[in-house]
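Along the sequence shown, the residues carry numbers beginning at 1.
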Amino acid sequence: ADGWTGQEVEAVAVDDLESAAPDVVKIDVECHEREVLEGMTGVMERSAPTIYCEVHEQREAVRSLLEEHGYDVEQIDYRAGNTFFRASMS
């Protein structure tokens, strides 16, 4: 009804990218935060980037996954039903 038709794109796990290890990762993927994190556990373990993540529906699942990989998770904002986390290694 709004004219949006969408576009199909290829999904690639962050762990499969051939690039330098990031220092910071920002995640804003509209309800797919856990899937993104699951696709970057290797990067998380190898380079421990600071992660900023807007979480829509899976707050506890996302927090648990980050903590399982050694991250300290801090809620830095909450608005319009969305939680914003900053996760970093101690």
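Note that CE of M40 is 12.0 Å distant from CD of E38, once rounded to the nearest 0.5 Å. Between the CZ atom of F85 and the CD atom of E74 there is a distance of 10.5 Å, given to the nearest 0.5 Å. Distance check: R59 CZ to Q75 CD gives 8.0 Å after rounding to the nearest 0.5 Å. Atoms CD and OG1, on E60 and T83 in that order, are 8.5 Å from each other to the nearest 0.5 Å.
Within the hydrophobic cluster formed by Ile, Leu, Val, Met, Phe, Trp and Tyr side chains joined at under 4.5 Å, directly or through other members, I76 is accompanied by V24, Y52, F84.
By the 4.5 Å heavy-atom criterion applied to side chains, D23 and T50 are not counted as neighbours. Between Q58 and E35, the closest side-chain pair of non-hydrogen atoms falls below 4.5 Å. A 4.5 Å side-chain heavy-atom check between H69 and I51 finds every atom pair outside the cut-off. Under the 4.5 Å side-chain criterion, counting only non-hydrogen atoms from C-beta, V25 is not in contact with V36. For the pair H56/D28, a side-chain contact is recorded, criterion being any heavy-atom separation below 4.5 Å from C-beta on.
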- [ ] For L37 and I27, run side chain to side chain contact (heavy atoms under 4.5 Å, CB included): C-alpha distance rounded to whole Å, both residues' side-chain angles, the deciding distance at 0.1 Å, then the answer.
- [x] CA-CA 9 Å; L37 291 167; I27 301 171; 3.7 Å; yes

Task: Derivation and outcome, side chain to side chain contact (heavy atoms under 4.5 Å, CB included), residues R63 and L65 - done: CA-CA 6 Å; R63 178 185 288 276; L65 191 146; over 6 Å; no

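A continuous path of hydrophobic side-chain contacts links M89 to L66 [ILVMFWY only; heavy atoms under 4.5 Å]. Under a hydrophobic clustering in which Ile, Leu, Val, Met, Phe, Trp and Tyr are joined whenever their side-chain heavy atoms come within less than 4.5 Å, directly or via other members, V29 and V73 fall into the same cluster.
The two residues E33 and C53 come nearest to each other via the heavy atoms CG-SG, 3.7 Å.
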Under 3.5 Å, which donor-acceptor pairs do the side chains of residues 12-22 form with other protein atoms, sequence neighbours left out?
residue, atom, partner, partner atom, Å
D15, OD1, G42, N, 3.2
D15, OD1, V43, N, 2.8
D15, OD2, T41, N, 3.3
D15, OD2, G42, N, 2.9

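A donor-acceptor distance shorter than 3.5 angstrom exists from the side chain of Y71 to the backbone of P49, with no hydrogens or angles considered.
Counting heavy atoms of neighbouring residues, nucleotides and ligands inside a 6.0 Å radius, atom CD of E57 does not exceed 12 of them.
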